[in-house]
Amino acid sequence: MTLILGIETSCDETAAAVVEDGRAVRSNIIASQHDLHKRYGGVVPEIAGRAHIEKITPVIDQALTTAGVTIQQISAVAVGNRPGLIGSLLIGVSAAKAITWSTDKPLIGVDHVHAHLYAAALDQPDWSAYPAIGLVVSGGHSNLYRVDSPLKTHRLGHTIDDAVGEAYDKAAVILDAGYPGGPMLDKLAQQGDPKQFKLPRSLLDADSLDFSYSGLKTALLYAVRGKPQGRRGQTTFERSAADLSDQDRQNFAAAFQHAAIDTLIIKLQRAIDRVKPASVIIGGGVSANSLLRSRSAELADKNSIPVHIPKMAYCMDNAAMIAGLAHHHFQANQFDDLDLPAIATTSL
Ligand code: KG4
Ligand code: ZN
């Protein structure tokens, strides 16, 4: 049996978890920093790094206590060391190194994006999926993969500009939907009629598996605020979201949501047709989206293959997915030394 302590600090959640044999989540503690970043309308890296320093030790303690294990009973310590905000990653990586150095336990560095692709396996003892088409949709990534095993992924497509979660966050600002943007926009969209306004779906070439979201974001901006005018180096608009009726704001949100999710489903279908996988795996913050979840069920029916989506608790950044994937590194004897780096840039 493996009992892995996972640590995740890549962005604005300080998280620690204990997972047994890569599947059974014994604890999953997440200290969210949303309240700290809310007034700025987005994550401020310096504030995130400092908050991680304050919270990392109590969060790890709580993960061990909730799981009912001592640090001596842990098989290895895993940490999401790439990609993410460098000042945030460093806190988790340093904590993991300190624990492994002082306890003589093995250290395992885990790719955060690949861990999102593993989140759907958590708490699912009978889960089998491979070969799969994988889709990671988060604040920083919109990546399509062929996934041959938890550790063997091959990227088929990625965003050429904004990630879908980032587009949601910006759309929420344009529509004054609140913070955090993605979930708030999703809520607003569910009250609207997507047919009242038309927004573009960027599909790129007929066989492309890449994504583009900046055109949709700009189309929404102009549709909501009217024509931009430059005056004394500042851009002003004809109107703002505050000038719209509640119904129009809901309808714009619904039009955005349908355009954003349609694109994901169309690309997933293209990838299924090309690879003929045994299943589809979806992960990342946007996998919590209500429309993506219902459209995924339709995709599963249409293609007669399972579509695995994480439980809501494992969609957003969490450490259980880090500990879960690390179980496979452990089984494959893939361990790291104390020189494990924190790496900001994206992985393949
Ligand atoms: O995976 P995640 O927690 O962090 C990253 O690795 O980036 O994803 C966060 C992203 C944010 O952009 C957030 O707005 C988006 O996921 N998100 C959603 C929903 N819940 C979170 N987007 C659309 N609908 C949602 N319900
Ligand atoms: Zn993430």
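Atoms within a ligand are numbered from 1 in the order they appear, just like the ligands themselves. Count residues from 1 along the sequence.
Of all the heavy atoms of D186, the ones lying under 4.0 Å from any atom of ligand 1 belong exclusively to the side chain. Proximity of E13 to ligand 1, defined as any heavy-atom pair under 4.0 Å, is not found for any part of the residue. Neither the backbone nor the side chain of H141 has any atom closer than 4.0 Å to an atom of ligand 1 (non-hydrogen atoms only).
No side-chain donor-acceptor contact under 3.5 Å links T9 and H52. Under 3.5 Å, the side chains of Q62 and S27 contain no donor-acceptor pair of N or O atoms. Under 3.5 Å, the side chains of D317 and H112 contain a donor-acceptor pair of N or O atoms. The closest side-chain donor-acceptor pair between Q191 and N251, if any, does not fall under 3.5 angstrom. For S212 and D161, the side-chain atoms include at least one donor-acceptor pair closer than 3.5 Å. Between the side chains of D186 and Q257, at least one donor N or O lies within less than 3.5 Å of an accepting N or O. Looking at Y118 and H328, their side chains do bring a donor and an acceptor atom within 3.5 Å of each other. For the 3.5 Å distance criterion, the side chains of E8 and S10 qualify, holding a donor opposite an acceptor.
Taking every heavy atom of A288 and a limit of under 4.0 angstrom, the matching atoms of ligand 1 come to 26 (N). With ligand atoms numbered from 1 in the order given, ligand 1 contributes 1 (O), 6 (O) to contacts under 4.0 Å with heavy atoms of H116. The M316 neighbourhood of ligand 1 comprises atoms 3 (O), 20 (N), 21 (C), with distances under 4.0 Å to a heavy atom of that residue.
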Subject >> Derivation and outcome, ring-ring contact (aromatic ring centres under 6.0 Å, His included), residues Y179 and H37 >> reply: CA-CA 9 Å; Y179 186 86; H37 301 286; 7.6 Å; no
**OP:** Output, in order, the C-alpha distance, side-chain angles, deciding distance and verdict of ring-ring contact (aromatic ring centres under 6.0 Å, His included) for F330 and F335.
**Re:** CA-CA 7 Å; F330 189 97; F335 299 109; 5.4 Å; yes
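Closest protein heavy atom to atom 10 (C) of ligand 1: G139 N, 3.4 Å. With hydrogens left out, the protein atom closest to atom 24 (N) of ligand 1 is N289 ND2, 2.9 Å, a heavy atom. Looking from atom 18 (C) of ligand 1 to the surrounding protein, the closest heavy atom is G182 CA, 3.6 Å. At the top of the distance list for atom 2 (P) of ligand 1, counting protein heavy atoms only, stands D317 OD1, 3.3 Å. When hydrogens are left out, the protein atom nearest atom 20 (N) of ligand 1 is G285 O, 3.4 Å; that is the closest non-hydrogen contact. With respect to atom 15 (C) of ligand 1, the closest heavy atom belonging to the protein is V286 CG2, 3.9 Å.
Note: F211 and Y213 have parallel aromatic rings, judged against thresholds of 30 and 60 degrees for the angle between ring planes.
Legend: protein N/O/S atoms lying under 2.8 Å from the Zn ion (ligand 2), waters omitted, number 3.
In terms of polar-atom proximity, defined here as any N/O pair under 3.5 Å, D169 does make such a contact with ligand 1. An N or O contact shorter than 3.5 Å is missing between S290 and ligand 1 by distance. Considering both main-chain and side-chain atoms, G165 comes within under 3.5 Å of ligand 1 through a nitrogen or oxygen pair.
For H112, the closest heavy-atom approach to ligand 1 falls below 4.0 Å. At a 4.0 Å cut-off, at least one heavy atom of G140 sits close enough to ligand 1 to count as contact. Heavy-atom distances between P180 and ligand 1 stay at or above 4.0 Å for every pair.
When all heavy atoms are compared, the tightest approach of P83 to D111 is CD-OD1, 4.2 Å.
Aromatic pair F197/F256: ring centres not closer than 6.0 Å.
Looking at R293 and M312, their side chains come closer than 4.5 Å, going by heavy atoms from C-beta outward.
For the atom pair H258 NE2 and R295 CZ, the distance stands at 7.5 Å (nearest 0.5 Å).
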